[in-house]
Amino acid sequence: MTPKIAIIGSGPTGIYTLKGLALARTPTDITVFEAEGDPGKGTPYHPDINDPAMLANIASIEFPPICEPLVAWLVRQDDDTLARLRVRRDAIDEREFYPRVVLGEYMKAQFEQLCRIAVENGHTITVRPNNRVLDIALQPDDIRLTVEEAGGSEHLDFAFEHVVMATGHNWPENTEIKPGYFVSPWPAAALKVIQNCPVAILGTSLSGIDALMTVATAHGTFYLDAAGQLQYQPAPDTEDFHATMMSRKGLLPEADFYCEVPYLPPVYCTEDAIDASIATGATGLLDRVFALFKEELSHADPDYAARIGLSQLTVETLAPAYFADRAEVDPFAWAGRNLMEAEQNKTQKYTVPWRYSILRMHEIIARAVPHLNEDDLKRFHRYFKTVFVDNYATVPHASIQRLLALHRANKLEIAALGDEYDIRTDGVKTGVVISHHGEDHAYGAFIDATGQSSLSARDLPFPTLVAQGGVRESATAKAVTWLDVEADVEIVRTGGIDLDDRFRPLQTGNLSNRLYCAAISFLLHKLPFVQGITSARDIGEVVAAAIIEDVDATEAPMLQASA
């Protein structure tokens, strides 16, 4: 009997999982369930979710190819398609950044090609758009799904040997929970209702920039002046529109920096060195990892290490030293200088050693995070993680140019909230009042752009799965207050699901263990640097390999018996 596999979600993680399965030699029966009407685009790149002004923060060279590289796909598009996507043919380059919706078109095309490849390799593929999975029930020998078809008129039941939960991010259905109070920048169309008023955006990372661009392009236009500099022209009757991006430190992300891809291997902070530290035990693990970090960074850039006093720094004091120079300068002045440096380095193909060293270490150091004890886990999130996130969460040069243009037009400011601030809606007709540093500031609209929260087992949208205890909350991911480093605000993160190294929920009882939790929002506790396409690729590869190994192991005895 042909093994039956379900993939819930056809976004990036579902696509990379499908890629691994499609190339397998043992025939399988694969069904892809997609709640939306156009499978393959995924929430991060869907035109109904994202504004055309929103840029992806991954360059083409870093985008893991699916069937073909992104640049190759763009090059072979006709002129009408490129015009529709707002991509200039002469600007197609492996180091270029493109709007999120362009990546959505690419991924949809790749998804459709993968389906054809799967059929050619002997697999059966069924794609079910407008099919929302309502429930998952683990059985001893299979996994049952309850699915709602388009319009909600009928519920269907299915049974599979393997189920991949690739549901991606989890955003609220109703973004505007109070008049002028938006709990997410997505869907972008919801922000278009914001009127000509002061707007507060909590978070200065790419999510905050996404929100800002959506609102700014609804109230004006970006253009190049005679000198080739980007400017912002407010639309008529938008005098009261003014945005304030805010975070604890009031810092902007830096511009994407040039570096060699694929990454060169580190010398001291290697996977083997981290694994050896893990093997020594949880006690003192974070400090041993930090020692490797310092050794690697000192080797890569001794001048930078000396400048920040790296030899004397601890886990707790690294971030203040790392951010010190930037914190003493006006954020827009720093952004302008940093952009000039990044543009020059890109032209000269020069890599800043310390930036590249930190970038290469973050995924290697992440190997140790699941093994940290509770105290060290808190230290990691509060003090150490912020340096890595700031380093890899750089943004396209065009995003910095837009921020500077808005500031020159007196339409954008940055506010440093500090450690004590208050956001109030009580008694406010629309928007919020934010209190910090002894002053109250009123805004007609407020957008929370702090990103995806980590979710726990009880947040799963599948009631039977939760009720039967098929998944359990991670013991190391209870409610903890730490810094949300991407938004630089302090909030409470909770949850996570206890998973093995193949993303299968750990459980007890006689139930199937062939459910794979590959949804980003439930992995943030396990994978602290889980981000975008590269993480989707990594997760998809692990899940597909686990399924293929299990299928091959199951099918071999059956084939021998039939022979």
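Along the sequence shown, residues are numbered consecutively beginning with 1. All values below come from the heavy atoms of this structure, side chains included, with hydrogens, waters and symmetry mates left out.
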Can you tell me how far apart CD1 (I201) and CD1 (I447) are? Round to the nearest 0.5 Å.
4.5 Å

Side-chain contact test, heavy atoms from C-beta onward, threshold under 4.5 Å: evaluate it for I365 versus H362 and give yes or no.
no

With no hydrogens and no angle check, is any side-chain donor or acceptor of S399 less than 3.5 Å from a backbone partner on V395?
no

Does K385 come within less than 4.0 Å of D390, counting only side-chain N to carboxylate O?
no

Are the side chains of N131 and E148 in touch, meaning some heavy atoms are under 4.5 Å apart?
no

Shortest non-hydrogen pair, A56 vs F97, comes out as O-CD2, 3.4 Å

Using the ring centroid of each side chain, check whether Y268 and F293 are separated by less than 6.0 Å.
no

Chi angles and distances behind the salt bridge (charged side-chain N to carboxylate O under 4.0 Å, His left out) call for E541, K19
CA-CA 8 Å; E541 287 182 350; K19 177 182 178 180; 6.0 Å; no

How about R95: does its CZ atom have over 12 heavy atoms from other parts shown lying under 6.0 Å from it?
yes

Identify the two heavy atoms, one from T214 and one from A188, that lie closest to each other, and give their separation to 0.1 Å.
CG2-O, 3.4 Å

Using a distance-only test with no angle check, is there a side-chain donor-acceptor pair under 3.5 angstrom linking D448 and T450?
yes

Within the structure provided, determine whether L145 and F462 are in side-chain contact (heavy-atom separation under 4.5 Å).
no

One should read off an interatomic distance between F290 CZ and F384 CZ, to the nearest 0.5 angstrom, of 6.0 Å

Report yes if the side chains of M361 and Y263 come closer than 4.5 Å at any heavy-atom pair, otherwise no.
no

Check this for me, if you would: do D157 and R144 make a salt bridge, where the nitrogen-to-carboxylate-oxygen distance has to be below 4.0 angstrom?
no

Minimum side-chain heavy-atom gap V164-R514 below 4.5 Å
no

Compare every heavy atom of S10 with every heavy atom of V32, then report the nearest pair and how far apart it is.
CG1-CB, 3.9 Å

Residue pair H155 / T146, side-chain donor-acceptor N/O under 3.5 Å
no

Would a distance-only check, ignoring hydrogens and angles, find a side-chain to backbone donor-acceptor pair under 3.5 Å from Y106 to V101?
no

Is the charged tip of K4 near the ring of F160: under 6.0 Å from the six-membered ring centre and within 45° of its axis?
yes

Could you point out which residue of E105, E36, E112 forms a salt bridge (charged side-chain N to carboxylate O under 4.0 Å, His left out) with K41?
E105

Ring centroids only, cut at 6.0 angstrom: are F380 and F388 within range, meaning strictly under it?
no

Can you tell me how far CD of E96 sits from CD1 of I61, rounded to the nearest 0.5 angstrom?
12.5 Å

Got a sec: does the CZ of R76 have more than 12 other heavy atoms crowding it under 6.0 Å?
yes

Can you tell me how far apart CD1 (I7) and CG (L18) are? Round to the nearest 0.5 Å.
5.0 Å

Distance in Å, R100 CZ paired with W186 CH2, rounded so as to fall on 0.5 Å steps
5.5 Å

Is a donor on one side and an acceptor on the other found under 3.5 Å between the side chain of Y356 and the backbone of E260?
yes

Exercise: do D78 and T81 side chains pair donor with acceptor under 3.5 Å:
yes

D29 vs T2, test: side-chain hydrogen bond (donor to acceptor under 3.5 Å, both in side chains). Steps then yes/no.
CA-CA 6 Å; D29 185 341; T2 305; over 6 Å; no

Which pair of heavy atoms, one from F111 and one from P39, lies closest together, and at what distance?
CE2-CB, 3.7 Å

Can you name the closest pair of heavy atoms from L70 and S60 and give their distance?
CD2-OG, 3.7 Å

Parallel, tilted or perpendicular: which describes the rings of F446 and Y181, with under 30° parallel and over 60° perpendicular?
tilted

Do L292 and I364 pass the side-chain contact (heavy atoms from CB on, under 4.5 Å) test, and can you show the C-alpha distance, the side-chain angles, and the key distance before you say yes or no?
CA-CA 11 Å; L292 291 170; I364 296 173; over 6 Å; no

Out of curiosity, N391 CG to R360 CZ, how far, rounded to the nearest 0.5 Å?
11.0 Å

Under a 4.5 Å cut-off applied to non-hydrogen side-chain atoms, are D376 and R379 in contact?
yes

